[in-house]
Amino acid sequence: MILIEQSGQKEVVTAACPLALELGLHPGMAAAHARALVPDLDVRNAEPEQDRAFLDRLALHAAGHWTPTVSVSGADGLWLDLTGTTHLFGGETRFCRHLLRFLRRIGFSAAIAIAGTPGAAHGLARYGRNAVTILPPGTETEVIADLPLAALRLTREALTAASRFGLERVADLYPIARGPLARRLGLSTVTRLDQARGLVAEPIVPVVPFEAPRVERRLLEPIGTAESIGQVIEDLVDDLAGALRARGLGVRAAILTCHRIDGDEQRIAIGTAKATRDARHLTRMFAMRIERIDPGMGIEALTLAAPRVEDLIPEAVGTAFDGGDRPRDIAPLVDQLAGRAGEDALFRLTARESDVPERAVDRAGPLAVPTGWPAWKRPVRLLRRPELLANVVALLPDHPPRRFTWRGRSYHVVAGDGPERIHGEWWRTAREMWAVRDYFRVEAERGERFWLFRRGDGVEAPTGDLSWYIHGLFG
């Protein structure tokens, strides 16, 4: 099988399968010549747009899973800047094996070259002899010397001119002075050679998985007062809200960067409990942080970006005839309280699957909907850990205590309910194999209501030592 593409007035082979390559067919050959050499040839049209689309998807996957700096290299490859990332995969060799396995699973073969320059890596991956080539630092010049000139990504005109002068390998260009080389093969040939050897930098333009919404204001005169900064922030937020509305997004985090005339930058950031593009709410949150900005000698430009966004689609609102009340949105209140007290100060309690009460409660986000609460009544306030009671008077095995002392104060019980028996979680630890707790809800003579428990069932000694604890308070 070969793939062909129209080039001017003729059809040219762009790719060939391994069997076609063994029969003497190769990319760049005229399709008519290929058909003459192999009569039963399977010829199909190339789809460069589909190939590029797949490369772009693969580049986005690489940027999200392997390294943040990825760029498409030609029509059939990728550049990956592995600086500071291969140790996450166990080194360069293990990373290459991981990458080859991944490509094999999705139906592709590949050749990988790791070098100090993009040009050397490009040439070795396509014209090297091994599936994986890892160059020691600083050896690019001697290693690429035996590669053909096509490995330098030269133009077709430069390759044609080089063949007329008898230049075939990269090493043939080394002894030629720069002036004559540029006159014979073009200035771009000198640049490509120097880039491959590391004498000239070749930055790669990485793909951007997501272009964060961003707006900017450049000022005619520097500003430094809180009022003027607040006014510019309001304008920026209005612009950002429009950009978000056009893309159907809402802000979860926004960063304001103030560029001072002395070259310094001041940054403040906000986060929201849920996606929003309410300009008034965002402006109010930034206004709470204006005092953190040091304008110095003046601010000449401000930039507002939203690096974290979420989809925000319109919601249908109820009419006056539906007879129901919509719950009020507390997200703006949560954002303002978090701005004053800190994000960690706001939380809700939610249930966690466990029989032991202190393990059955966990923190959740302030907008989370708690689920899974047990049907048994539980105290409003659960102590972080049960506290030991003293001077307890109680009848065994099923009666609540009549008196006890807690935190130096004595309580006389006038009413009680229970027991609610809870067994230990033997699958967690062997110490809870026979553990038993009998919980009671009791009311003291002054109206206090407590949640107490006794360790042990009052009959079998291995179930507990019959000590009493307080675990929570009702009301």
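All heavy atoms count here, side chains included; hydrogens, waters and symmetry mates do not.
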Which atom pairs, donor and acceptor, lie under 3.5 Å between side-chain atoms of residues 159-169 and protein residues at least two apart or in another chain?
unit_1, atom_1, unit_2, atom_2, d
Thr160, OG1, Arg156, O, 2.9
Ser163, OG, Thr160, O, 2.6
Arg169, NH1, Asp146, OD1, 2.6

Donor-acceptor pairs under 3.5 Å, side chain of residues 54-67 to any protein atom, not counting sequence neighbours: which ones?
unit_1, atom_1, unit_2, atom_2, d
Asp56, OD1, Arg52, NE, 3.1
His61, ND1, His65, ND1, 3.4
His65, ND1, His61, O, 2.9
Thr67, OG1, Asp81, O, 2.6

For residues 301-308, please give each side-chain donor-acceptor pair under 3.5 Å, one per line with the distance, not counting sequence neighbours.
unit_1, atom_1, unit_2, atom_2, d
Thr303, OG1, His259, NE2, 3.3

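The two atoms that bring Ile270 and Leu282 nearest to each other are CD1-CD2, 4.0 Å, heavy atoms only. In terms of heavy atoms, Pro213 sits closest to Leu249 at CG-CD1, 4.4 Å. Of all the heavy atoms in Val334 and Pro366, the pair that sits closest is CG1-CG, 3.6 Å. Here the closest non-hydrogen pair linking Ala31 and Val13 is CA-CG2, 4.3 Å. Residue Val251 comes nearest to Thr272 through the heavy atom pair O-OG1, 2.8 Å, listed as atom of the first residue, atom of the second, then distance. The two residues Leu21 and His26 make their nearest non-hydrogen contact at CD2-CA, 4.1 Å.
In this structure, Arg197 forms a cation-pi arrangement with Tyr174, its terminal cationic atom sitting closer than 6.0 Å to the ring centre and no more than 45° off the ring axis. Seen from the ring of Phe89, Arg94 does not count as a face-on cation partner, given the 6.0 Å and 45° thresholds.
Here the side chain of Gln266 pairs no donor or acceptor atom with the backbone of Pro295 at under 3.5 angstrom. At least one donor-acceptor pair under 3.5 Å links the side chain of Thr155 to the backbone N or O of Ala158. Using a distance-only test at 3.5 Å, with no hydrogens or angles considered, a donor-acceptor pair links the side chain of Thr283 to the main chain of Ala279. A donor-acceptor contact shorter than 3.5 Å links the side chain of Thr14 to the backbone of Leu3. A donor-acceptor contact shorter than 3.5 Å is absent between the side chain of Arg292 and the backbone of Ile268. Of the possible polar contacts, one joining the Ser71 side chain to the Val205 backbone as a donor-acceptor pair under 3.5 Å is found. Side-chain N or O atoms of Arg126 include none that pairs as donor or acceptor with a backbone N or O of Ala121 at under 3.5 Å. Under a 3.5 Å cut-off, the side chain of Asn130 and the backbone N or O of Val132 do not form any donor-acceptor pair. A donor-acceptor contact shorter than 3.5 Å links the side chain of Thr225 to the backbone of Ser228. Put simply, the side chain of Thr117 gets close to the backbone of Ala196: a donor and an acceptor are under 3.5 Å apart.
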Given the rule in the salt bridge (charged side-chain N to carboxylate O under 4.0 Å, His left out) test, do Arg359 and Glu353 qualify, once you have shown the distances and angles that lead to the verdict?
CA-CA 8 Å; Arg359 300 176 187 156; Glu353 188 175 356; over 6 Å; no
Please determine whether side chain to side chain contact (heavy atoms under 4.5 Å, CB included) holds for the pair Asp172 and Leu149, giving the CA-CA distance in whole Å, both sets of side-chain angles, and the decisive distance to 0.1 Å.
CA-CA 9 Å; Asp172 296 338; Leu149 287 180; 5.8 Å; no
Applying side chain to side chain contact (heavy atoms under 4.5 Å, CB included), run through Gln195 and Arg153 and close with a yes or a no.
CA-CA 11 Å; Gln195 288 175 342; Arg153 295 168 290 158; 4.1 Å; yes
Would you check, one step at a time, whether the test side chain to side chain contact (heavy atoms under 4.5 Å, CB included) holds for Leu193 with Val170?
CA-CA 8 Å; Leu193 178 62; Val170 176; 3.9 Å; yes
For Glu265 and Arg267: C-alpha separation, side-chain torsions, deciding distance, then whether salt bridge (charged side-chain N to carboxylate O under 4.0 Å, His left out) applies.
CA-CA 7 Å; Glu265 294 181 352; Arg267 290 185 176 90; 2.6 Å; yes
Show your working on side chain to side chain contact (heavy atoms under 4.5 Å, CB included) between Asp239 and Arg217 and close with a plain yes or no.
CA-CA 10 Å; Asp239 294 345; Arg217 278 284 193 278; 2.6 Å; yes
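Look at Arg35 and Glu11 and you find a salt bridge, because one of the NZ, NE, NH1 or NH2 atoms lies within 4.0 Å of a carboxylate O, short of that distance. Between Glu234 and Arg284 there is no salt bridge, since no side-chain N of the basic residue sits under 4.0 Å from a carboxylate O of the acidic one. With salt bridges taken as basic N to acidic carboxylate O contacts below 4.0 Å, none links Lys274 and Glu310. No salt bridge links Asp278 with Arg280; every basic N to acidic carboxylate O contact stays at or beyond 4.0 Å. Ion pair Asp194/Arg192 not flagged as a salt bridge, since none of the NZ, NE, NH1 or NH2 atoms sits closer than 4.0 Å to an Asp/Glu carboxylate oxygen.
By the neighbour-count criterion of 12 heavy atoms within 6.0 Å, atom CZ of Arg428 is densely surrounded, having more than that number from other residues, nucleotides or ligands. The 12-atom threshold is not exceeded at CE of Met297, counting heavy atoms of other residues, nucleotides or ligands nearer than 6.0 Å. For Arg247, the CZ atom sits in a packed shell: over 12 heavy atoms of surrounding residues, nucleotides or ligands are nearer than 6.0 Å. Within 6.0 Å of atom CD in Glu291, more than 12 heavy atoms from other residues, nucleotides or ligands are found, so the atom counts as buried in its surroundings.
Val12 is not listed as a side-chain neighbour of Ile4, based on a closest heavy-atom distance of 4.5 Å or more. A 4.5 Å side-chain heavy-atom check between Asp42 and Arg44 finds at least one atom pair inside the cut-off. Between Glu300 and Arg218 the shortest side-chain heavy-atom distance does not fall below 4.5 Å.
With 3.5 Å as the limit, one finds a donor-acceptor pair spanning the side chains of Ser354 and Glu425.
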